[in-house]
Peer 1: 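Next up is a structure, given as structure tokens.
Labels below follow one simple rule: chain letters A, B, ... track the order of the sequence lines, proteins then strands, and each chain is numbered from 1. The model shown is predicted, which means the values in this text are computed figures rather than measured ones.
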2 protein chains.
Amino acid sequence: MAEKSQELMEKIVALCKRRGFVFLSSEIYGGFSAVYDYGSYGVELANNIKDAWWKYMVQMREDIVGLDAAIFMHPKVWEASGHVSGFADPLAECRNCHVRVRVDHLLEEIGIAADEKMSETEINALFNQNREKIGCPKCGKKDFTEAQKFNLLVKSNLGNFTDEWMDEPVYLRGETCQGIYVNYKNVLDSSRVRIPFGIAQIGKVFRNEITARQFIFRTREFEQMEMQYFTHPAQEMEAYEKLKEYRFQFYLDLGMKAENLRWHKHENLVFYAKEAYDLEYNFPFGFKELEGVHARGDYDLTQHAKFSGVALDYLDQATGEKYVPHIVESSVGVGRMLLAFLTEAYTEEALENGPSQNPSDTVAGRETRVVLKLPKKLAPVKVAIFPLMKNKPELVMKAKEIFDTLKPHFVCEFDDNGNVGKRYRRQDEIGTPYCVTVDFDSLGLGEDKSLEGTVTVRDRDTMQQERMPIERLKEFFTEKF
Amino acid sequence: MAEKSQELMEKIVALCKRRGFVFLSSEIYGGFSAVYDYGSYGVELANNIKDAWWKYMVQMREDIVGLDAAIFMHPKVWEASGHVSGFADPLAECRNCHVRVRVDHLLEEIGIAADEKMSETEINALFNQNREKIGCPKCGKKDFTEAQKFNLLVKSNLGNFTDEWMDEPVYLRGETCQGIYVNYKNVLDSSRVRIPFGIAQIGKVFRNEITARQFIFRTREFEQMEMQYFTHPAQEMEAYEKLKEYRFQFYLDLGMKAENLRWHKHENLVFYAKEAYDLEYNFPFGFKELEGVHARGDYDLTQHAKFSGVALDYLDQATGEKYVPHIVESSVGVGRMLLAFLTEAYTEEALENGPSQNPSDTVAGRETRVVLKLPKKLAPVKVAIFPLMKNKPELVMKAKEIFDTLKPHFVCEFDDNGNVGKRYRRQDEIGTPYCVTVDFDSLGLGEDKSLEGTVTVRDRDTMQQERMPIERLKEFFTEKF
């Protein structure tokens, strides 16, 4: 990681903590490794991301319906999917300091791509060829055990009322899409969708990642947004290309720069896959997977039909043709997308007239502002409303009145603390697109009496202020969001 | 349960399955006991319920902020909360047929209230006094073992990379509020809220309920909506009364009849609680807990300060007073609220002119319609758009055009299948407030040429149709939702 990027990452993490976007889970207990909590702005931002995804993937699509399958499923689901036998990372232990590490990550760091679908034997062959080049990340010694595959499925005792449950664990889902596959028939039977159609879902998943890294980029508990699209076998690749395009457009529509996105093709496909691409984003630590778009063939439904004994093929009423639908999927994590949007939005700007504009700001020599240039739709707070001064009841009352009028329509924040410049800096840091200030002119107490009933609306990005009648505010903001 | 109510419950369950609101989890594998999946209309309804709660509890409240703490927390959280030692149900086994049952439920069924906070000895004393009256619900025999307390916390191996994890389990949360308590300090440090203030959260919780009952009323995996309000000790009871009132109003605002809601006071309080009420709803199986509103004193923060070693008292900057805040809480399950709204909405109505209105309806003698009179805000689909006939391209094209104009603003459904009467019945069953029909008049092909550019808008509840210019639709619906 280049020094500049490391610095950017640290700034984002610090902002997240300082402004209440993201906290380490159970922090007062020393934390719970690789699990994070979202604070008041974090949860609003995450909700806005999920709403934007849902609207784009479900509401705007006549051919896609939603689903919310439970986290717990019948354990056989995970046998059918191949997770019980195959969902595993290669783990080795340092014989000197006993730290456990992922061998594929060690190899990756010296520039050797180890595919996740490699067997234990294959990965050990690659590992043994390169042991001389690989030191322990903790103690530096080059004395590792053999790599062993460790299953990522998280076990639980839900529904088990004995103490002997290790023999028959149930699993926390490792991906949401299995809930879609097992409900494919229910959806077909209860709704009007016909092939081609998609089922979309947002929900928590859990993976026993050995090394969770880079803040909210890779965590053991996270939220996935997945859409599985069921097609005629002959239409799979066409649907796949369309889906790739549609998903790329999602990010462009939300203002991401195309140069920060790139497609990465999987070279080693699992046997059933037709094609697989990752959409990578230019994170502070480099281009890494943001979203996966995969053509999965008929593997999923075939496996579930076999393991459940329930036929999952599709009868085309028009042609009489019967077939097992093929599936193309899009899959992305909420935390990862949130980190991508924070990276895209994080900006430091030199202020034209430096610290003098902001007399109560005690940070010596501050001449830059930190601003999250989030897409307006995603901003956690849409409008902040200020009385110019806290100790003038008429200003406060009028500002509260405006706040009460706007809050049913937009997420608003009322702030009367400190001087206005300081309040702007605070709203900039959380990405609030507009700040409304009530001043003496608003009350008809300034020199220009014609300004009575107007307020200033300050734009986050341009920092320009515009005077506007109070009764225009609702309409003005409605057009913006 | 009276026969009529049993019938109503069965009708609701059947509608949920038929129309894709709720499915049993992993149904093709024979199901996963006491866990449910939400289908396409179910997830929209649940999302609307969560949005309404969030807007009412967070967006509209200057003094309440949101949070999304993870499901996994440090295991010590559950020791501090008392769940590891105390979160348990009394379980007995029938010596004849080996079915396991909750003794408090058995007692409840013969009219004896067994409080959940009773010790094993206390519940066994009550059980022994009444054994003559209690038969096994499966085989009828009156031969049970002693009651034993069984812990409801669900265990897992997340973050544990050995096979010997039974000694040090981590838990899936049994309630969301613990995530709020452990983040109380983070929220105070990163946001501008000061006492009194609240933190609200929506999220999944898990309980090893021995007997899960009544469809989505009591399940092992469910979603909770909780708000914890932090007050000065002297203000606790005032805040409690206000919260009770505010929560009751929530249901009235969403059109629930006051007669279907009632407060039930807890007689046996846990030692730290000041007061506790359940808000009960008149479910098909009688008045049962919908929501809990409790005054919890300083127990939660005191316990977490003790177990974590981090001071959680509050310093009032204005008065210099230092104290541990008291907490009043509101807690309700999404599934339970959804079932309450379905119960409230489920209606069968005699149709004035019977089956003749609906010639393609093949159900013999059907003279009633089933309609979900859901509050408009909660309805899964807001507007359905129909061309009068499927095989007239001009009608279909115009209807699609309207659909495309409205769908960015409202959840819409396009339906051209079967006759219009049948399509109305379908939308009635999922609670769609409005149906828009494009007919020949709309295209200027009817007798009255002045109707060109207008459509009919049919109201779900009154079944009245109103003729309206197409360009008025967006504004008309915006006013309604």
Peer 1: Which of these, A/Arg61, A/Met60, A/Lys55, sits in a side chain to side chain contact (heavy atoms under 4.5 Å, CB included) with B/Lys407?
Peer 2: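 Result: among A/Arg61, A/Met60, A/Lys55, A/Met60 is the only option passing the side chain to side chain contact (heavy atoms under 4.5 Å, CB included) with B/Lys407.
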
Peer 1: Given that the side chain runs from C-beta out, which part of B/Lys76 has a heavy atom under 4.5 Å from chain A: side chain, backbone, both or neither?
Peer 2: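 For B/Lys76, the contact with chain A is made by backbone and side chain together.
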
Peer 1: For the residue pair A/Phe72 and B/Phe32, categorise the inter-ring angle as parallel (less than 30°), tilted (30 to 60°) or perpendicular (more than 60°).
Peer 2: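 Correct class here is parallel.
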
Peer 1: Which answer fits B/Val35, side chain, backbone, both or neither, if we ask what part of it has an atom under 4.5 Å from a heavy atom of chain A?
Peer 2: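 Answer is side chain: those atoms of B/Val35 sit under 4.5 Å from chain A.
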
Peer 1: For B/Asn47, which atoms come within 4.5 Å of any heavy atom of chain A: side chain, backbone, both, or neither?
Peer 2: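 Looking at B/Asn47, just its side chain touches chain A.
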
Peer 1: When rounded to the nearest 0.5 angstrom, what is the spacing between NE2 in B/His304 and OG in A/Ser26?
Peer 2: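 Rounded to the nearest 0.5 Å, the NE2-OG separation comes to 9.5 Å.
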
Peer 1: Tell me, side chain or backbone of B/Lys400 under 4.5 Å from chain A's heavy atoms, or both, or neither?
Peer 2: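 Side chain only.
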
Peer 1: So do the side chains of B/Leu172 and A/Ile71 get within less than 4.5 Å of each other, counting heavy atoms only?
Peer 2: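 Counting from C-beta outward, B/Leu172 and A/Ile71 never come under 4.5 Å.
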
Peer 1: Of the backbone (N, CA, C, O) and the side chain (C-beta and beyond), which part of B/Val310 lies under 4.5 Å from a heavy atom of chain A, both, or neither?
Peer 2: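 The side chain, not the backbone.
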
Peer 1: With only heavy atoms counted, which part of B/Tyr41 is less than 4.5 Å from chain A, the side chain, the backbone, both or neither?
Peer 2: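 It is neither, since no heavy atom gets under 4.5 Å.
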
Peer 1: Looking at NE2 of B/His74 and OG of A/Ser33, how far apart are the two atoms once the value is rounded to the nearest 0.5 Å?
Peer 2: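 It is 10.5 Å, given to the nearest 0.5 Å.
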
Peer 1: Could you check which of A/Val65, A/Val193, A/Asn183, A/Val187 has the highest count of heavy-atom pairs closer than 4.5 Å to chain B?
Peer 2: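 With the most close heavy-atom pairs to chain B, the winner is A/Asn183.
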
Peer 1: Nearest 0.5 Å, what's the CG-CG distance between A/Leu158 and B/Asn208?
Peer 2: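 Nearest 0.5 Å value for the CG-CG distance: 5.0 Å.
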
Peer 1: Against B/Val43, only a single residue in A/Val58, A/Ile202, A/Asp68 fulfils side chain to side chain contact (heavy atoms under 4.5 Å, CB included); can you say which?
Peer 2: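 With B/Val43 as partner, side chain to side chain contact (heavy atoms under 4.5 Å, CB included) holds for just one option, A/Asp68.
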
Peer 1: Do A/Phe206 and B/Ser156 make a side-chain contact, defined as non-hydrogen atoms from C-beta onward lying under 4.5 Å apart?
Peer 2: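 The answer is no, as the side chains (C-beta and beyond) never meet within the 4.5 Å cut-off.
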
Peer 1: Given a strict heavy-atom distance threshold of 4.5 Å, which part of B/Leu312 is in contact with chain A: side chain, backbone, both, or neither?
Peer 2: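 Contact with chain A: side chain only.
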
Peer 1: Could you state the interatomic distance from CD1 (A/Ile28) to CE (B/Met73), rounded to the nearest 0.5 Å?
Peer 2: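 Reported value, rounded in 0.5 Å steps: 10.5 Å.
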
Peer 1: B/Asn186 versus chain A, heavy atoms under 4.5 Å apart: side chain, backbone, both or neither?
Peer 2: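 Both backbone and side chain of B/Asn186 come within 4.5 Å of chain A.
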
Peer 1: Under 4.5 Å from any heavy atom of chain A, what part of B/Gln201 do you find: side chain, backbone, both or neither?
Peer 2: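 Neither; nothing under 4.5 Å.
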
Peer 1: In Å and rounded to the nearest 0.5 Å, what is the OG to CD1 distance from A/Ser40 to B/Ile64?
Peer 2: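 If we round to the nearest 0.5 Å, A/Ser40:OG and B/Ile64:CD1 are 12.5 Å apart.
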
Peer 1: Answer with side chain, backbone, both or neither: which region of B/Arg207 has an atom nearer than 4.5 Å to a non-hydrogen atom of chain A?
Peer 2: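 Contact with chain A involves the backbone of B/Arg207 alone.
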
Peer 1: Does the pair B/Glu413/A/Arg192 count as a salt bridge with the N-to-O cut at 4.0 Å?
Peer 2: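 No.
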
Peer 1: Which answer fits B/Gln59, side chain, backbone, both or neither, if we ask what part of it has an atom under 4.5 Å from a heavy atom of chain A?
Peer 2: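 Contact with chain A is through both the backbone and side chain of B/Gln59.
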
Peer 1: Side chain, backbone, both or neither: which part of B/Lys204 has a non-hydrogen atom closer than 4.5 Å to chain A?
Peer 2: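 Contact with chain A involves the side chain of B/Lys204 alone.
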
